[in-house]
Peer 1: 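Here you go, one structure.
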Number of protein chains: 2
Amino acid sequence: MDKTHGRATLHDVARKAGVSIASVSRMVNGQTVRPSLEGRIQDAIEKLNYQANSAGRALRARRTEQICLSVPDISNPVYQSITKGVQLGLEGTNYRMMLAPQVSSAEDVLRQINSLNSNYADGLILLSLVDDTRIKKAVEKLDIPIVTIGNVDINRETDSLKVAPNALDIAVEYLNRKYGSRILFVNGPKETIPGKIRGAGFERAIKNLGIEKTCKSVESKTFSVEGAVEALTSLANLNSYKSVMCANDVIAAGALRYFSSNKIRVPEDVAVMGIDNTDLATILSPSLTTIDYNAIERGKLAAKFLVDRIQNPSAPVKRIEVQPRLVERDSA
Amino acid sequence: MDKTHGRATLHDVARKAGVSIASVSRMVNGQTVRPSLEGRIQDAIEKLNYQANSAGRALRARRTEQICLSVPDISNPVYQSITKGVQLGLEGTNYRMMLAPQVSSAEDVLRQINSLNSNYADGLILLSLVDDTRIKKAVEKLDIPIVTIGNVDINRETDSLKVAPNALDIAVEYLNRKYGSRILFVNGPKETIPGKIRGAGFERAIKNLGIEKTCKSVESKTFSVEGAVEALTSLANLNSYKSVMCANDVIAAGALRYFSSNKIRVPEDVAVMGIDNTDLATILSPSLTTIDYNAIERGKLAAKFLVDRIQNPSAPVKRIEVQPRLVERDSA
DNA sequence: TTGTACGCGTTATCAC
DNA sequence: GTGATAACGCGTACAA
């Protein structure tokens with residue numbers, strides 16, 4: 001390092017190599033430089049251990065090479081998978097990932113989105129549990145590209161990865177065929193987007209099969225093991241159901257836990273099924289029959305879509321609908 | 001917005017409020033401004049929806065207000081807890097969190113650390129599985145503060161959160177007392193730092209109790225469910241052990257899965273114990289007896305230490321040793 | 001207390 | 001193809 005204060009800059013490299021900063025910059029950014037200079041510059045860069053300062057670059061180029069990922073709750077394995085997918089999708093690009101703080105209330109999400117107006121990220125991958133007009137408005141005003149995952153509807157031409165709505169048709173058809181028409185659905189909170197969508201999916205599925213009368217929905221207060229246990233505990237005639245369909249794998253884990261501690265055998269006495277096919281599915285005993293939405297792949301795609309969009313803002317909007325896939329294991 | 005291109009700047013606000021940019025800047029940064037100006041500036045800020053551009057601020061102030069968290073594998077629930085803890089620790093500060101890409105090889109970690117030389121983060125929270133001199137060298141040369149979590153030893157005065165080495169003493173003493181001296185230890189890969197430490201901890205613990213002859217260690221190739229299952233499968237006289245001590249909860253989950261699919265009852269036939277007290281511990285059936293190292297709290301503390309260090313580089317170095325705590329549940 | 005002016009490190013334009 | 005130079009948006013030293 002040349003200077004006493006901090007790291008080497010373009011100027012330091014240029015001075016050492018005896019060229020102008022413009023040439024060094026070009027070299028660093030992969031433009032053509034006369035071969036005779038190339039070696040000297042390369043030398044200087046290595047000697048000084050030069051690395052472009054990201055603030056300087058971001059200020060000038062209006063590009064931070066960062067994207068922001070906002071997930072509701074990193075405790076839920078499906079969001080871990082998506083996070084991992086995003087990381088994988090960013091591999092080979094020079095984009096870094098900011099993980100937005102976990103927030104629950106609409107106000108927090110709002111503040112988070114608005115903070116992006118300070119331009120610390122070039123794009124946003126948004127998964128929101130809450131459905132709030134203020135959030136939609138804020139998102140629409142954001143002047144960076146957005147990719148939404150899940151059924152987040154905003155009035156803006158946005159690349160999106162939705163999940164096809166027929167997961168519960170597949171699941172209910174399977175359970176009905178294998179265990180009969182007494183199916184209990186344990187939903188998550190109905191005020192969340194997945195709660196709404198999956199709740200409606202279940203109602204539609206049992207109506208299509210004409211088995212509304214023998215089925216029932218209960219609601220877990222949260223998408224958590226404890227919530228599910230509580231919901232099942234407070235249920236009167238639980239033992240009359242032959243199968244329990246859960247709104248996600250975490251709730252299914254709660255169901256398994258409840259049945260295990262009440263000496264009820266799965267799937268002999270009651271079958272249990274989840275949604276998401278998270279890591280939990282193979283960790284639990286019995287292993288979980290579930291519906292796969294390929295979370296890692298969705299994360300990967302979201303990252304790729306976002307980077308593409310940043311680099312080519314006028315490309316046609318991509319809307320992918322991910323197809324659900326039944327994964328049969330031991331619990332149902 | 002005043003300008004056609006992008007967002008409002010200090011200049012726009014200053015012009016609208018009829019003051020100098022210096023006054024606006026001071027106002028934004030919480031310095032005193034004449035009350036008569038205050039209102040006008042505040043007005044202009046709101047009207048233009050001004051938010052300081054982070055690149056400009058970072059370049060000038062030599063401070064990005066970002067920290068970087070490097071964890072080996074977000075699939076492991078203990079790292080999720082730490083991640084969550086870091087997020088919580090950052091609450092109320094204005095620091096954002098970068099989540100470094102998941103890397104396994106020493107080369108990847110090295111590149112990751114070196115990339116911090118481009119100054120996109122003000123500090124680093126480092127958890128590394130691998131123990132490599134090049135990594136240590138790179139970390140030591142880094143000119144931003146570092147907080148290490150776990151037994152990462154670097155030759156640099158660094159705030160650190162280690163875990164006290166007596167977890168395995170507690171665990172082995174407990175298992176020996178409750179289930180006798182036939183204890184099997186399922187370690188993770190010995191070339192990892194936790195593998196080394198926990199392996200040595202087990203050896204020391206059984207030696208202290210004088211039960212080396214009746215105990216045994218096996219190694220899982222990875223810290224994963226599958227690795228543990230494989231390690232147990234290839235073991236000859238597994239049924240002669242009365243308890244299985246696992247190097248972490250994920251390996252314990254693998255043990256439970258192995259025993260469950262082989263109709264071996266836990267804890268009646270064999271007791272199983274983990275380390276970390278992750279979310280898994282209460283999700284699994286039977287619920288997992290384990291050693292708690294308070295991962296969330298460690299994450300929180302690491303974040304706080306790092307922010308403190310950034311703001312006060314010359315403060316005395318903090319080295320915390322977290323005490324293990326036995327959490328008794330159903331598996332042992 | 002306020003305003004002017006400089007420079008943080010980079011990219012990009014423009015003459016050469 | 002190269003080099004001088006002008007921004008990018010901000011914080012702050014300095015002068016008023």
Side-chain angles (χ1 to χ4, degrees), chain A residues 1-41 44-45 48-66 94 117-122 143, chain B residues 1-41 44-45 48-66 94 117-122 143:
Chain A
M1 257 167 276
D2 262 357
K3 322 208 303 192
T4 50
H5 181 83
R7 302 193 48 77
T9 72
L10 273 186
H11 289 273
D12 301 324
V13 177
R15 198 177 321 128
K16 187 161 200 106
V19 298
S20 74
I21 60 165
S23 290
V24 181
S25 176
R26 280 189 281 259
M27 170 109 183
V28 168
N29 291 305
Q31 300 180 37
T32 48
V33 173
R34 196 198 305 156
S36 61
L37 298 188
E38 208 165 313
R40 297 194 343 242
I41 298 178
I45 287 178
L48 298 173
N49 190 22
Y50 170 75
Q51 275 184 253
N53 175 293
S54 25
R57 173 172 281 178
L59 180 58
R60 175 61 225 219
R62 303 189 131 81
R63 178 169 41 83
T64 60
E65 309 205 310
Q66 296 184 165
N94 35 30
N117 284 326
S118 57
N119 288 341
Y120 61 79
D122 301 337
D143 49 9
Chain B
M1 259 165 274
D2 263 359
K3 323 210 300 193
T4 50
H5 182 83
R7 303 192 49 77
T9 71
L10 271 188
H11 290 273
D12 301 325
V13 176
R15 199 176 324 128
K16 186 162 200 107
V19 298
S20 74
I21 61 163
S23 290
V24 181
S25 176
R26 281 188 279 257
M27 170 109 183
V28 168
N29 291 306
Q31 299 182 38
T32 47
V33 173
R34 193 199 307 157
S36 60
L37 298 189
E38 208 165 315
R40 289 179 9 226
I41 298 178
I45 287 179
L48 297 174
N49 190 23
Y50 170 77
Q51 276 185 252
N53 174 294
S54 25
R57 173 173 282 177
L59 181 57
R60 173 63 225 220
R62 302 188 134 81
R63 179 168 40 84
T64 61
E65 309 206 310
Q66 296 185 166
N94 34 29
N117 284 326
S118 57
N119 288 341
Y120 60 79
D122 301 337
D143 50 8

Peer 1: Of all the choices, C/dG9, C/dG3, D/dT2, which nucleotide is nearest to the side chain of B/Ser20 once you look at every atom?
Peer 2: C/dG3

Peer 1: Rounded to whole angstrom units, what separation is found between the CE atom of B/Met27 and the C1' atom of D/dC10?
Peer 2: 17 Å

Peer 1: Applying side chain to side chain donor-acceptor pair (under 3.5 Å), name anything that partners B/Gln66, two or more places apart in sequence or on another chain.
Peer 2: A/Gln66, B/Arg96

Peer 1: Rounded to whole angstroms, how far apart are CD1 on A/Ile41 and C1' on D/dG3?
Peer 2: 12 Å

Peer 1: Could I get the full list of side chain to side chain donor-acceptor pair (under 3.5 Å) partners for A/Asp122, not counting sequence neighbours?
Peer 2: A/Thr64

Peer 1: With sequence neighbours left out, what residues match B/Tyr120 under side chain to side chain donor-acceptor pair (under 3.5 Å)?
Peer 2: B/Ser115

Peer 1: Do any side-chain atoms of residues 22-30 of chain A form donor-acceptor pairs under 3.5 angstrom with protein atoms, and if so which ones, sequence neighbours left out?
Peer 2:
| unit_1 | atom_1 | unit_2 | atom_2 | d |
| --- | --- | --- | --- | --- |
| A/Ser25 | OG | A/Asn29 | ND2 | 3.4 |
| A/Asn29 | OD1 | A/Arg57 | NH2 | 3.4 |
| A/Asn29 | ND2 | A/Ser25 | O | 3.0 |

Peer 1: Summarise protein proximity over nucleotides 10-16 of chain C in one line of letters, 5' to 3': B for base, S for sugar-phosphate only, - for none, counting protein heavy atoms closer than 4.0 Å.
Peer 2: BBB----

Peer 1: Keeping A/Ser118 on the side-chain end and B/Gln51 on the backbone end, is there a donor-acceptor pair under 3.5 Å?
Peer 2: no

Peer 1: Please give, in whole Å, the distance from D/dC8 P to A/Asp122 CG?
Peer 2: 19 Å

Peer 1: Restricting to salt bridge (charged side-chain N to carboxylate O under 4.0 Å, His left out), what partner residues turn up for A/Arg34, sequence neighbours left out?
Peer 2: none

